[in-house]
Every structure is written in C-alpha cells, then in structure tokens.
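In what follows, a single structure is set out as structure tokens and then discussed.
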Amino acid sequence: MTDWVLRGGEVIDGSGRPRWQADVTIAGDRIAAIGATSRVEGARELDVSGKIVAPGFIDVHTHDDRALFATPQMAAKASQGVTTVVVGNCGVSLAPLVLDDAPPPPLDLIGDIPDYRYERFAEYLAALDRTPAALNAACLVGHSTLRVGAMRALDRPAAETELTQMCERLQEALDAGAIGMSSGLAYAPAANAPAAEIEALTALLRPAGALYTTHMRNEGDAVLDSLEESFAVGRAAGVPVVISHHKTVGRQNFGRTAQTLPIIAAAIARQEVGLDAYPYIASSTVLSAAQAERALKVLVTWSKSAPEQASRELSAIAADWGISAAEAVARLQPAGAVYWMMDEADVQRVLRFEHTMIGSDGLPHDVHPHPRLWGAFPRVLGHYSRELGLFELEEAVRRMSGLSAARFGLTGRGILTAGAYADVTVFDPETVADRATFEAPRIPAAGIEHVFVNGRPVWTDGKPTRERPGRALRRQQLQAEAHHS
Ligand SMILES: [Zn+2]
C-alpha cells in the first residue's frame with residue numbers, strides 16, 4: 001500500500017555512487033521501491049523533478065538531549081534535512097543523572113537542575129517513546145554525566161567505589177539501548193580522569209557492541225598526544241573510536257591538520273576510527289578564560305549573570321564595563337561563547353578527508369547560538385560542495401548519511417534503498433544553502449524542500465508539519481535488524 005510517490009527526482013542514495021533519475025515510493029515507514037512508477041491509487045504524489053532525493057541526514061554530533069523534548073518539531077535540524085540526531089556527545093548526556101545543585105559547566109549547556117531527572121537511562125529512552133520528537137535519536141552516555149552522578153569532587157581520578165558506580169550506570173544505559181559512551185576530557189569535570197578510568201568504562205562497550213566518541217583532552221598544542229590517547233583507548237577496549245569535531249585550534253596550530261589527518265588515516269588502517277567535523281572556523285561551548293585568551297575573537301552566546309550581553313563581542317563588553325576581558329569572563333559566568341580559533345584551510349582539509357562525517361555540534365539552548373545549529377548541513381552541500389567544489393554532491397551526501405549510519409550502526413538508515421526506513425530529504429541542488437549567520441543565527445536554510453522521517457513528512461514548504469514520527473533508536477534493535485538484513 002503506497003502512501004507517497006516522489007516523482008521525477010534525481011536519487012543520490014548515500015553510498016557515494018552517482019545520482020540517477022528515479023521515482024521513490026514510500027509505504028508505511030519504509031522505502032517501497034526506487035524506479036519508474038505509474039500513478040498509484042490513493043497515494044500522494046510530489047513532483048520533485050530537478051530536485052535531489054537523498055537519505056535523511058544523520059547529525060552524528062549533537063547536544064539535542066533536551067531539545068527533543070523542549071522543541072519536539074526540531075526545526076533547527078529538520079530544516080537542514082536532518083532526520084536522525086546522535087545525542088549525548090562530548091561527555092555530556094542528560095541521563096543517567098538526578099541533580100539537586102546547578103549542573104557544572106559544560107553540563108549546563110543542555111539542561112538545568114530540573115532537566116537532570118533521569119536516574120536511569122531507560123527512563124530517558126522511555127520518555128522519548130512517550131513524547132516522541134519529529135526526528136529519530138540515537139543516544140550516547142556521557143562520561144562527565146557519570147562522573148557528576150558518582151563523585152563528590154571532580155578534580156581527581158574516580159575512587160574505586162565511584163568507578164564501580166559509574167560502571168553500573170553505564171551498564172544499565174547500555175542494557176537500555178545506548179549506542180555508546182562519549183567523553184569530554186577537555187572539560188573540567190573530566191580533565192582529571194586518567195586513562196585507566198576511561199579504559200575501565202570502555203571495557204564495558206565491547207561486549208555490547210557499542211562505540212566510544214571523544215572530545216579529546218587537547219585540540220591545540222598537544223593534539224597529537226590526544227589522538228594517540230584516543231586510539232589507545234579504542235585498542236585497549238577493542239571498540240570503535242570517533243574523534244569528535246576534529247580541528248586544530250589556536251594560531252600557532254594553524255595548518256596542523258596536515259599532520260593530524262595522515263595520523264588518523266594510519267590509525268584507520270589498523271583499528272576502527274572515525275571522525276566528524278562542522279563546517280566553520282569558529283567553535284562554541286561554555287565561556288572560559290583559557291579559551292577566550294587563545295581566540296582571535298569571542299562572541300557571547302548566553303550569560304546567566306548578564307543575559308543582555310548575549311550576541312555581543314567579549315571585547316566590547318569588557319570595554320563597556322571598563323575591565324579586562326578576563327574580568328568580563330568572570331563577571332558573565334555561567335555563560336557560553338563562540339570562539340574564532342581555526343584556520344579556513346584546516347576546516348577545508350578536514351572536510352575533504354574521505355573519512356570525515358558531518359556533525360553540527362549545535363547548541364540548541366543558547367540565546368544567540370553558533371549558526372552551525374541551523375546551517376551545518378546545507379553549508380556543506382551549498383558552500384563547500386557546489387560553490388567551492390571541495391567534493392561532488394554525492395560525496396557530500398555520503399558524509400552525512402551512508403558513512404554516518406555505517407559508523408554508528410544505524411541499521412536501515414543512511415542509504416536510500418528499497419526496504420530501508422523512509423527517512424528522506426528532498427532538496428534543490430541549485431539553491432541549497434545555509435542562511436544562518438553569526439549575526440542572525442536562527443534563519444532556516446534555503447533549498448530543503450521536503451523531509452520525511454519513518455515515512456511521515458516533518459518539514460515541508462519551509463515549515464515543520466507538526467508530525468512527530470521520530471523514534472528512540474536502541475542498540476539491541478539496531479543490531480537485531482543488522483543480523484536479519
Ligand atoms: Zn565537544
């Protein structure tokens with residue numbers, strides 16, 4: 001029983017193979033067929049001639065743990081053609097953790113005290129089942145979240161009893177359906193976690209067939225040490241490692257991705273390693289003096305103590321207040337910021353690297369967010385593929401669908417083929433473009449025409465449809481489907 005016919009478009013299937021013209025039919029939550037189709041009684045037809053029909057994009061690097069509930073239409077992502085988000089990155093997940101005190105940065109990027117209310121990971125997934133969002137979600141457990149839940153003081157390695165508790169909670173999360181664990185070793189809550197602590201936790205991932213993602217300890221002067229540390233964790237645990245938002249930061253490290261990428265390629269030859277990147281020269285996270293000092297420019301994205309300063313440059317705030325930038329950082333706390341600290345040549349080199357997946361790293365709760373939240377995927381398709389010619393459109397799509405689904409084990413998604421889940425994005429290859437800017441960061445992209453999740457439209461005519469067909473993707477189910485396909 002066909003529900004939709006997408007007629008006359010060019011199919012880019014997510015595998016990297018060249019596009020071809022075909023109709024795509026959807027029945028229930030699946031792709032029914034790809035090929036010439038006559039008119040079907042009762043099915044809705046969309047004329048998509050001149051448009052690309054692609055697998056829905058997978059945002060492998062998000063902080064949407066709470067956004068799935070707070071903004072269930074997920075317009076920031078649906079408007080980019082994203083149909084699945086991987087949440088819980090950089091060591092920070094909403095579950096499993098119950099808080100009575102303010103979450104320490106960077107846990108405050110995704111929630112406040114009442115948002116941290118899931119004692120067990122199973123409760124978080126059950127909440128997603130009960131109140132689904134428009135998009136699918138695959139969930140990582142944050143190492144920093146485990147630390148905050150188990151430790152009285154975070155400025156040291158976990159004691160044995162604390163580590164035991166962290167292991168129990170991680171195991172519960174894996175049993176509930178988490179796809180892996182993330183770490184954020186660059187951040188204060190995890191900076192004093194030694195390799196042995198990470199290895200004790202990641203040892204639980206292998207029996208589960210789960211993976212490890214890491215916001216490395218250092219992306220600046222010591223980036224090579226951090227890469228080696230990350231690979232060593234993967235080797236010791238025997239699990240795939242994903243290097244999050246790969247970059248080299250700080251002026252003295254401009255150009256060093258020419259060094260890191262061959263090292264990553266060599267690691268990929270001997271163990272399972274992946275990486276993701278967002279297509280901008282500015283990063284964004286909590287506001288810290290150390291990061292502000294290294295940046296060429298700093299834009300404040302939110303501040304609890306001075307909310308009116310969001311969207312202003314740190315240097316202007318400091319000048320207004322007649323104090324130093326470092327003093328302004330202290331007065332704005334807790335706060336978030338955008339930091340200009342990458343070189344465009346590095347961004348392009350990482351994007352061109354054949355193993356790089358696209359992840360937005362968007363921060364959905366920021367008052368004045370980094371434009372990657374609304375623009376990352378169309379920016380790769382429009383600016384970097386069409387305008388700069390970094391790669392063919394087929395390759396751009398593969399980096400945001402087929403490659404990502406394979407790396408994260410998202411069975412039945414990321415490739416447009418008969419029998420796959422009907423996560424589909426229809427876009428105009430001539431006009432697709434990011435429109436969100438650092439000044440006006442919430443402008444939806446151009447050229448994303450129709451987005452389907454599990455066979456139901458979630459974004460059409462430049463608006464969310466209000467349908468909420470998203471699912472919590474559990475590891476066990478994904479693995480079972482992989483064995484049957
Ligand atoms: Zn991160």
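This chain uses plain numbering: 1 for the first residue, then up along the sequence. Whatever order the structure lists ligands and atoms in, that order sets their numbers, starting from 1.
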Flag the pair Arg156 / Glu162 as yes when at least one side-chain heavy-atom distance between them is below 4.5 Å, and no otherwise.
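Side-chain contact under 4.5 Å: yes.
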Please name all residues satisfying ring-ring contact (aromatic ring centres under 6.0 Å, His included) with Tyr124, sequence neighbours left out, ordered by chain then number.
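For Tyr124 the ring-ring contact (aromatic ring centres under 6.0 Å, His included) partners, ignoring immediate neighbours, are Phe69, Tyr118, Phe121.
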So, His370 versus His368, ring centres under 6.0 angstrom or not?
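For His370 and His368, the ring centres are not under 6.0 Å apart.
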For the side chain of Ser385 and the backbone of Val380, is there at least one donor-acceptor N/O pair under 3.5 Å apart?
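It does not hold such a pair.
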Distance filter under 2.8 Å, centred on the Zn ion (ligand 1) - protein N, O or S atoms that pass it
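Result, waters dropped: Cys90 SG, His215 ND1, His245 NE2.
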Show me the donor-acceptor pairs within less than 3.5 Å that the side chains of residues 274-281 make with the rest of the protein, sequence neighbours left out.
residue : atom : partner : partner atom : Å
Asp276  : OD1  : His245  : N            : 2.7
Tyr278  : OH   : Arg372  : NH1          : 3.4

List the atom pairs, with distances to 0.1 Å, where a side-chain N or O of residues 260-270 and a protein N or O form a donor-acceptor pair under 3.5 Å, not counting sequence neighbours.
residue : atom : partner : partner atom : Å
Thr260  : OG1  : His246  : NE2          : 2.8
Thr260  : OG1  : Thr257  : O            : 3.4

